[in-house]
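See below for the structure under consideration.
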Amino acid sequence: MPSHRYRDVFAKVPVAPVDREWPDRRITTAPLWVPVDLRDGNQALADPMDPERKRRFFELMVAMGYKEIEVGYPSASQTDFDFVRLLATSDLVPPDVTIVVFTPARPELIERTVESIAGMRGQVVIHMYAATAPVWRDVVLRRTRDELASLIYSGAEDILRLAGEQENVRFQFSPEVYNLTEPDYIMELSDQLTKRWDATPQRPVILNLPATVEVATPNVYADQIEYMDKNLPRRDSVILSVHPHNDRGTGIACAELAVLAGAQRVEGCIFGNGERTGNVDIATLALNLHAQGVDPMVDFSAIDRIRETVEYCTRMPIHPRHPYVGELVYTAFSGTHQDAIRKGFAEHHRRAVATGVPASELAWDVPYLPIDPADVGRGYEAVVRVNSQSGKGGIAHVLESSYGVRMSSAEEVEFARHVQRHTDETGREASAVELKGLYEEVFGCSN
Ligand SMILES: CC(=O)SCCNC(=O)CCNC(=O)[C@H](O)C(C)(C)COP(=O)(O)OP(=O)(O)OC[C@H]1O[C@@H](n2cnc3c(N)ncnc32)[C@H](O)[C@@H]1OP(=O)(O)O
Ligand SMILES: CC(C)C(=O)C(=O)O
């Protein structure tokens, strides 16, 4: 492998030293989640969402309780523009939901973006971006630092001129590929933008710091965020936001460490659609909080319905091992896992009876299941499934939970031998019905 062709992040950009505090902190409240499925997710699809899909996805996000939603790139396509117009002219947006529209720093596209939000009654954020990292400056935009800064300030002034008088409008800036941009440059841009946009605690500016392409271990991103948190001018008038992608497969860790490091707002996609390996998965982030006893402030109690809508709108299936939502994530095939789960369930129900606390409210300590599948609307039928990797505990659990069949310890051992022979022969999973048939063959009746 020609690994010598690549350099680590430290060879590409100065990472400012920070007296880091994030490793000692804990997350005790949910950040503000901002789903960008209708923009960053949408732009990565082979077939972008049609109006009906956009609307269905938007309604899903509102129903789940998201309070700020990026709804599109209105200057990109008529579909995007029309969708924002639909939101501006209908009652689809509840009063407590803020709409975000996305634009590059190009005057004609800013104008079109502002046109799209005319008449919007609720809160709106105009989100302007420009790539600030050296390779993008030199190769893509072909501008020096100063020239690019002028382009950004000019975009900021255009936005202010066209929409600054609208009291329901706030401003956001994203230095694209923040994680590869010099910190002093971001500091300078941020200082100028918060000054020009007149950021105040009442009308804060959102500074969104994207890991547009993941390039380093998550601790480096956390340091980069904590540095901004500690050094940004007008910090109390800035909402510090992050936007991790998942190129190294560590988008979740980047987002979590960034929140520890001071990020107040997290952009991502539900189940992680997005450019290349995706945006950070804000469903996993939310349910990670839930699993630590922190209210995620969004509702995943019917996760399969959410999955169906997301799959329909993106036309992409969700992997069976996807955290919290995958078909197999609450299922054990292997014997010792099944045995532990079975004992864990029994103990859980014993404690429920002993304490009088309903099983659905009782503290959860069932081995191998980080959360109770019922919290996300899953049943228990699929928790234990049987194949040649299974053992007597799991087999007994399936028979008991599906048919109320209880075996003695000796019967469990004997029956497991028969099942093992059967699954070894077939090489497949044995369903509950098959197990019942086998049981009747072996013991001659169903008790
Ligand atoms: C990290 C992100 O996710 S960024 C968002 C990416 N999303 C999308 O691109 C989806 C929607 N985009 C589009 O529909 C189109 O790209 C449009 C309508 C915005 C622009 O289309 P076109 O005018 O045809 O330009 P094109 O797509 O080739 O973009 C490249 C031009 O934009 C310029 N540009 C790129 N980013 C920015 C920016 N943030 N601000 C200002 N100019 C920019 C480039 O320098 C280039 O200009 P040049 O042609 O003078 O060299
Ligand atoms: C411009 C920002 C928000 C973005 O989409 C990215 O950098 O990935």
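For ligands, and for the atoms within them, numbers begin at 1 and follow the listed sequence. Every heavy atom of this structure was used, including side-chain atoms; hydrogens, water molecules and symmetry mates were not.
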Tell me which protein heavy atom sits closest to [atom], plus the residue, atom name and distance to 0.1 Å.
{"atom": "atom 19 (C) of ligand 1", "answer": "Tyr73 OH, 3.1 Å"}
{"atom": "atom 7 (N) of ligand 1", "answer": "Gln43 OE1, 2.9 Å"}
{"atom": "atom 18 (C) of ligand 1", "answer": "Ser75 O, 3.9 Å"}

Does ligand 2 have any atom sitting under 4.0 Å from a heavy atom of His127? yes

Check the pair Tyr129, Phe173 against ring pair (Phe, Tyr, Trp, His ring centres under 6.0 Å), reporting the backbone distance first and the verdict last. CA-CA 6 Å; Tyr129 85 100; Phe173 176 65; 8.7 Å; no

What atoms of ligand 1 come closer than 4.0 angstrom to any heavy atom of [X]?
{"X": "Ala130", "result": "39 (N)"}
{"X": "Arg39", "result": "2 (C), 3 (O), 5 (C)"}
{"X": "Asp40", "result": "3 (O)"}
{"X": "Arg142", "result": "51 (O)"}
{"X": "Phe102", "result": "5 (C)"}

One finds that the ligand 2 atoms under 4.0 Å from a non-hydrogen atom of Tyr129 are 1 (C)

Here the atoms of ligand 2 under 4.0 Å from any heavy atom belonging to His245 are 8 (O)

Short N or O distance, Thr212 and ligand 2, threshold 3.5 Å exclusive: yes

For ligand 1, note which part of Tyr129 has a heavy atom under 4.0 Å away: side chain, backbone, both or neither.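 Both parts.
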
The answer for which part of Met128 has a heavy atom under 4.0 Å from ligand 1 is neither

Would you check the N or O atoms of Arg106, main chain and side chain alike, for any that come under 3.5 Å of an N or O of ligand 1? yes

- Query: Hey, is ligand 1 close enough to Thr212 that some N/O pair sits below 3.5 Å?
  - Reply: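 No, Thr212 has no N/O under 3.5 Å of an N/O on ligand 1.
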
Min over Val36, Val213, Asn208, Asn179 of heavy-atom distance to atom 3 (C) of ligand 2 lands on Asn208

